[in-house]
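I have placed the structure first, in the form of structure tokens, so that the comments after it can refer back to it.
Here is the naming used below: chain letters follow the sequence lines, and residue numbers restart at 1 for every chain. When reading the values below, keep in mind they use all heavy atoms of this one structure, side chains included, and skip hydrogens, waters and symmetry mates.
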There are 2 protein chains.
Amino acid sequence: MEPSLTGLRVLREIAERGSFTAAATELGYTQSAVSRQAAALERATGQRLFDRQAGGVTLTAAGLTLLRHAVVALDAVAAADRELKGLPPERGTVRLGTFPSAGVLILPRALAALRRTHPRIGVTTREATTPALVRALRARTIDLAILASRPPHRPLDDQAPPLEYLTLSETTLLLAVPAGSALAAEDAVELEALADQDWIAGPSSAAEPAMGVWPGAPGRPRIVHTARDWLTKLHLVAAGCGITTVPPGLADAVPPGVRLVEVQGGPAERRRVVLARLPGPCPPAATEIIRALRQEAARQPG
Amino acid sequence: MEPSLTGLRVLREIAERGSFTAAATELGYTQSAVSRQAAALERATGQRLFDRQAGGVTLTAAGLTLLRHAVVALDAVAAADRELKGLPPERGTVRLGTFPSAGVLILPRALAALRRTHPRIGVTTREATTPALVRALRARTIDLAILASRPPHRPLDDQAPPLEYLTLSETTLLLAVPAGSALAAEDAVELEALADQDWIAGPSSAAEPAMGVWPGAPGRPRIVHTARDWLTKLHLVAAGCGITTVPPGLADAVPPGVRLVEVQGGPAERRRVVLARLPGPCPPAATEIIRALRQEAARQPG
DNA sequence: GGCTGGTATGCCTGACTGTCATGGAGCCCT
DNA sequence: AGGGCTCCATGACAGTCAGGCATACCAGCC
């Protein structure tokens with residue numbers, strides 16, 4: 001037997017989403033259909049391709065090799081489709097994945113600079129969580145990923161081949177407080193002052209410590225709002241609804257009524273913005289984007 | 001809708017065989033199945049892919065572009081299959097197609113030389129008719145083809161992109177006669193002496209003038225034997241059953257009882273041995289084979 | 001005008017690929 | 001420890017599709 005094209009597409013989606021169910025909803029299938037397709041693939045290849053663990057699925061080594069070839073095949077039929085429709089053959093466009101807050105300042109500036117110097121290079125971007133971006137890199141659905149990393153800066157997965165990382169900038173975390181509040185009186189506040197505060201956090205996932213709350217703040221954080229969007233969070237802060245953490249890259253973008261202060265007395269909260277890609281030859285369009293991103297990152301030091 | 005993998009495989013086979021029926025028998029299908037697959041492909045792409053003419057099928061421009069991508073996809077899944085089975089990933093092996101008599105001397109010597117200088121390069125060969133080889137080149141089922149060409153040396157098909165040709169050697173035809181016969185008395189015979197002779201021809205096809213009979217020989221040739229195999233033909237000559245034409249490359253291989261003579265008085269019968277390939281980058285293994293073939297061709301001048 | 005290549009198509013069956021509904025295994029939180 | 005959640009597997013079923021078979025059709029050729 002032989003793997004089918006839809007089987008390969010399902011494989012790619014599973015690799016990218018990290019779970020059968022997510023892949024199913026993404027493809028418009030039922031979870032059971034995806035499960036069957038996965039089983040059919042394993043039957044066709046005669047090997048275990050998926051590591052079913054609680055909470056998701058990762059690809060085995062065999063699954064990764066099949067994925068590598070599957071991407072080639074799927075891209076070929078997609079290219080055929082485009083070419084037969086008379087569309088240009090997708091030349092030189094780079095697919096970029098970013099973690100949510102990268103899209104606020106670094107990315108648009110770098111892209112604007114790139115468009116000035118290399119107007120022919122096409123870029124598409126996609127926002128997603130860090131693990132989703134890592135999976136998308138491995139599924140070759142994106143070419144480059146801008147990720148956030150906190151110490152200790154470990155590799156983001158342990159699959160082979162290891163990803164290549166390039167640090168764009170290294171920053172320290174800031175605290176956004178309402179302009180009129182007591183916390184805004186000085187340029188820096190003490191860690192102890194953060195006890196008994198209302199916090200505005202990001203979408204809280206069970207695994208990660210809630211983004212937006214200062215790590216190591218004393219006491220139990222009282223999360224009163226959660227919002228994905230930076231602008232929402234900052235306006236909540238301006239409205240006096242709470243405080244939250246922000247990367248310094250946003251310094252130029254804070255609305256009136258919000259003040260950014262440093263936090264003293266705890267361990268320095270250093271974050272890295274990291275560019276990740278699969279090892280291997282780098283197409284020229286991608287190197288140009290990397291250059292533009294590094295230049296822009298250097299321009300606004302953390 | 002989307003073309004299926006089997007559809008693409010059928011497309012490749014049609015391109016290579018030049019007819020639905022031939023593709024069907026090759027794939028173990030019925031002709032009707034192939035016809036339906038072809039129709040499904042055209043439905044999926046929304047374009048006419050095949051030019052149905054009497055006596056066979058050629059690909060349209062759209063068919064050729066689809067074929068180009070189809071080959072990539074099919075190779076990808078084949079490579080995945082190999083790799084998952086633990087086989088080496090088919091690196092550097094070149095698929096060579098030859099016309100029947102190339103296999104006698106040029107090819108084995110060139111391959112022997114190549115194995116001495118580059119033992120790592122793998123070569124597979126396949127013998128077929130000239131049009132089949134041209135189609136196989138276009139279907140990317142072979143990488144290189146050794147073809148025979150007679151004047152006027154036109155391109156062997158009119159599809160795009162045009163094939164690249166490289167003349168390996170240019171020879172003049174010889175006549176194989178029984179050693180004891182009257183024709184063997186001199187080094188050369190007159191064209192008129194070829195009237196009223198028994199001829200040993202190749203498999204006669206309706207389209208081509210029978211191979212083996214001297215072109216322009218006076219009178220109607222009397223074909224008493226037909227044989228594909230060179231050794232068979234030469235032994236028939238040795239047995240006095242008739243005479244036939246041979247390329248001079250076989251000079252070293254004639255069995256006792258056979259003499260090779262030239263023919264005077266007619267137009268020179270010049271043949272070329274031509275190496276053909278699709279335009280585009282040439283993998284290093286292929287260039288090595290080309291080098292070996294040219295070297296061997298130069299060693300035994302026609 | 002029959003014959004010999006070739007392709008297209010109506011009819012049928014078996015397989016496959018989906019959905020629906022249900023069951024079972026971990027993990028987390030209380 | 002147990003309830004609840006999220007995940008994957010699987011039995012039953014239906015619609016579709018891809019094959020085979022038989023036949024019709026078409027063009028060139030003797």
Distance, rounded to the nearest Å, where [X] contributes [atom1] and [N] contributes [atom2]:
X	N	atom1	atom2	answer
Leu41(B)	dC17(D)	CG	P	15 Å
Gln31(B)	dT4(C)	CD	C1'	15 Å
Leu5(A)	dC17(D)	CG	C1'	16 Å
Gln37(B)	dC17(D)	CD	P	12 Å
Glu42(B)	dA8(C)	CD	P	8 Å
Gln53(A)	dA9(D)	CD	P	12 Å
Leu59(B)	dT7(C)	CG	P	13 Å
Arg17(B)	dG5(C)	CZ	C1'	18 Å

Any side-chain N or O of [X] below 4.0 angstrom from OP1/OP2 of [N]?
X	N	value
Ser35(B)	dT7(C)	no
Tyr29(A)	dG18(C)	yes
Arg52(A)	dA9(D)	yes
Thr30(A)	dG18(C)	no

Identify whether any heavy atom of [X] sits under 4.0 Å from a base atom; if not, whether one sits that close to sugar-phosphate; answer base, sugar-phosphate or nothing.
X	answer
Val34(B)	nothing
Ser19(B)	sugar-phosphate
Gly28(B)	sugar-phosphate

Do Thr21(A) and dC8(D) have a side chain to base donor-acceptor pair shorter than 3.5 Å? no

Look at the side chain of Arg36(B) and the base of dG20(D), then say whether one donor and one acceptor between them are separated by less than 3.5 Å. yes

For the CG atom of Leu133(A) and the CG atom of Leu137(A), what is their distance to the nearest 0.5 Å? 7.0 Å

Heavy-atom check, side chain of Arg138(A) versus side chain of Asp157(A), under 4.5 Å: yes

Considering only side-chain heavy atoms of Ala33(B), which listed nucleotide, dT7(C), dG18(C), dG20(D), is closest? dG20(D)

Side chain of Ser32(B) (C-beta onward), nearest among dG18(C), dA21(C), dG20(D): dG20(D)

Any idea which heavy atoms bring Pro3(A) and Leu5(B) closest together, and the distance? O-CD1, 3.4 Å

Closest approach of Ala148(A) to Phe99(A) (non-hydrogen atoms, all atoms of both residues): N-CD2, 3.6 Å

Between Arg140(B) and Asp143(B) (salt bridge meaning N to carboxylate O under 4.0 Å), is one present in this structure? no

